[in-house]
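Lettering follows sequence order; numbering is per chain, from 1. The shown structure was predicted, so the numbers you read here are calculated from the model rather than taken from an experiment.
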Protein chains: 2
Amino acid sequence: MQLSNSSQYAIRILAYMADQKDSELMNATELAEVLDIPYKFLAKIMTELVKVGLVVSIRGREGGYKFEKKTSEIMVSDILDIFNDSIKDEQCVLGIGFCNGMCKCALHDQWMEPKHLLQKMFRESSLEDIAGRGCKI
Amino acid sequence: MQLSNSSQYAIRILAYMADQKDSELMNATELAEVLDIPYKFLAKIMTELVKVGLVVSIRGREGGYKFEKKTSEIMVSDILDIFNDSIKDEQCVLGIGFCNGMCKCALHDQWMEPKHLLQKMFRESSLEDIAGRGCKI
DNA sequence: GTTTAATTCTACCTTTAAGTAGTAATTATA
DNA sequence: TATAATTACTACTTAAAGGTAGAATTAAAC
């Protein structure tokens, strides 16, 4: 019951970037070191974030990554969507395809409340919101 | 963000068995058919459930599986534990190892409430509780 | 122009989860 | 005792996630 490594890494990367307002361009080497994420894996993730338009990359010497959109407009759920990791409204905790009002799984009722809270946490937390929180890693 | 197939299957199997109070012994062929779970995979899961002592198996002709403990004494979290799928108190939603009061991740505060609800759902739901719920699958 | 520091691309390797196959062991029943 | 029905064991295959390697591309700086 947890997020994929890619999602976890991506959120940590972007939250860290959002926290470093001063230095507008950040490169992969530095991010990998500070956040203790394998460099090549981080680079792969960054390429995905660029493709999907969350950040832009500046190639070549003195290059790096910066946000394409305002951090207040990027929600955690947007990041999870990239790695197919967000919680869909119709997601059943026991994985049956037809779990709904008519025919529901044994945990259907108990699942509703935590599901909604998780969705709320992911959908209503922007990078700006969470950037200041916790330690800078 | 979901349980492993093994956990999902195991919960569905045991909830179904708990629901069939009358027929005390259930065999793998029937369970696999009714629950639409690959037979060999189900058999592998049942062997784990036997090893860990939740159910006992009767081998040979007319054999099958039945509960070893009362269904009111088996919690969903006991099942998740078998497949290392339950939510630990110290589990960080962003996967950092040292997420606590001193140094916490960017989502630490938001994660507390849904985490506790999930733990509550898993720890406080017994098979007896959930057996009657929903459809019989 | 050459060098250098950076991203990007393609392809691969490793680990884990998920699922399958075949056979041995067990036991009620005929 | 033979048979059929059942679980248990061992080993394999497949698919997906996680991670790595190396070369190509880009562009600033010298």
Side-chain angles (χ1 to χ4, degrees), chain A residues 1-13 17 23-68 79-80 82-86 94-96, chain B residues 1-13 17 23-68 79-80 82-86 94-96:
Chain A
M1 196 73 179
Q2 58 179 10
L3 298 174
S4 66
N5 280 12
S6 295
S7 286
Q8 292 180 342
Y9 286 158
I11 295 170
R12 288 177 52 215
I13 293 164
M17 284 177 62
S23 54
E24 108 138 352
L25 211 55
M26 314 217 57
N27 69 58
T29 308
E30 178 187 348
L31 289 170
E33 268 176 22
V34 174
L35 298 171
D36 194 27
I37 298 172
Y39 170 80
K40 286 285 195 178
F41 196 28
L42 179 135
K44 183 192 269 189
I45 290 170
M46 294 313 291
T47 305
E48 303 249 14
L49 299 182
V50 169
K51 272 199 192 117
V52 88
L54 287 190
V55 302
V56 289
S57 65
I58 312 294
R59 297 182 65 163
R61 184 163 181 162
E62 304 288 296
Y65 303 94
K66 66 180 179 184
F67 286 107
E68 169 78 333
I79 305 168
L80 299 186
I82 303 170
F83 305 100
N84 222 332
D85 229 353
S86 62
L94 297 187
I96 65 179
Chain B
M1 196 73 179
Q2 58 180 12
L3 299 173
S4 67
N5 281 12
S6 295
S7 287
Q8 293 181 342
Y9 286 158
I11 295 170
R12 288 177 51 216
I13 293 165
M17 285 176 61
S23 54
E24 107 139 352
L25 212 55
M26 315 217 55
N27 68 60
T29 308
E30 178 189 347
L31 289 171
E33 269 176 20
V34 175
L35 298 172
D36 194 29
I37 298 173
Y39 170 77
K40 285 288 197 178
F41 196 27
L42 180 135
K44 184 191 269 187
I45 289 170
M46 294 313 293
T47 304
E48 303 249 18
L49 299 181
V50 169
K51 272 199 193 118
V52 87
L54 286 190
V55 302
V56 290
S57 64
I58 313 294
R59 296 180 66 163
R61 187 164 177 164
E62 303 289 295
Y65 303 96
K66 66 180 180 186
F67 286 107
E68 169 79 333
I79 305 168
L80 298 186
I82 302 169
F83 305 100
N84 222 333
D85 229 355
S86 61
L94 297 187
I96 65 180

Original post:
Has the side chain of A:Arg59 got a donor or acceptor that lies under 3.5 Å from a partner of the other kind on the base of C:dT8?
Top reply: no
Subject >> No-H, no-angle donor-acceptor pair, A:Lys40 side chain to D:dG18 base, under 3.5 Å >> reply: no
Subject >> Inter-residue atom distance B:Leu54.CG - B:Met46.CE, 0.5 Å rounding >> reply: 9.5 Å
Original post:
CZ of B:Phe41 to CG of B:Asn5: how many Å apart, nearest 0.5 Å?
Top reply: 6.0 Å
Original post:
Between the main-chain N or O of B:Ser4 and the side-chain N or O of B:Asp85, is there a donor-acceptor pair closer than 3.5 Å?
Top reply: yes
Original post:
Which residue lies toward the 5' end of DNA chain D, B:Tyr65 or B:Arg61, if each is placed at its nearest nucleotide?
Top reply: B:Arg61
**OP:** Between A:Ile58 and A:Phe41, just flag the one whose closest nucleotide in DNA chain D comes earlier from the 5' side.
**Re:** A:Phe41
Subject >> Which atom of B:Gly63 lies closest to which atom of B:Asn27, heavy atoms considered >> reply: O-CB, 4.0 Å
Subject >> Shortest non-hydrogen contact between B:Ile13 and B:Leu42, atoms and distance >> reply: CD1-CD1, 3.6 Å
**OP:** Ignoring backbone atoms, test whether A:Tyr39 places a side-chain nitrogen or oxygen under 4.0 Å from the OP1 or OP2 oxygen of D:dG19.
**Re:** no
When the distance from [atom1] of [X] to [atom2] of [N] is rounded to whole Å, what number comes out?
{"X": "B:Asp36", "N": "C:dG19", "atom1": "CG", "atom2": "P", "answer": "11 Å"}
{"X": "A:Leu3", "N": "D:dG18", "atom1": "CG", "atom2": "C1'", "answer": "15 Å"}
{"X": "A:Glu33", "N": "C:dA6", "atom1": "CD", "atom2": "P", "answer": "11 Å"}
{"X": "B:Lys51", "N": "D:dA8", "atom1": "NZ", "atom2": "C1'", "answer": "9 Å"}
{"X": "A:Leu31", "N": "C:dA6", "atom1": "CG", "atom2": "P", "answer": "12 Å"}
{"X": "A:Ile45", "N": "D:dG18", "atom1": "CD1", "atom2": "P", "answer": "9 Å"}
{"X": "A:Leu42", "N": "C:dT7", "atom1": "CG", "atom2": "P", "answer": "9 Å"}
{"X": "B:Leu25", "N": "D:dT6", "atom1": "CG", "atom2": "P", "answer": "10 Å"}

With sugar-phosphate meaning primed atoms plus P, OP1 and OP2, does [X] contact a base, only sugar-phosphate, or nothing at under 4.0 Å between heavy atoms?
{"X": "B:Thr29", "result": "nothing"}
{"X": "B:Phe83", "result": "nothing"}
{"X": "B:Ala43", "result": "nothing"}

Original post:
Closest to the B:Ser57 side chain: D:dC9, D:dT7, D:dG18?
Top reply: D:dT7
**OP:** Please determine, for the side chain of B:Asn5, which listed nucleotide (D:dT20, D:dA8, C:dG19) has the closest atom?
**Re:** C:dG19
Subject >> A:Gly63 vs A:Lys44, nearer the 5' end of DNA chain C by closest nucleotide >> reply: A:Gly63
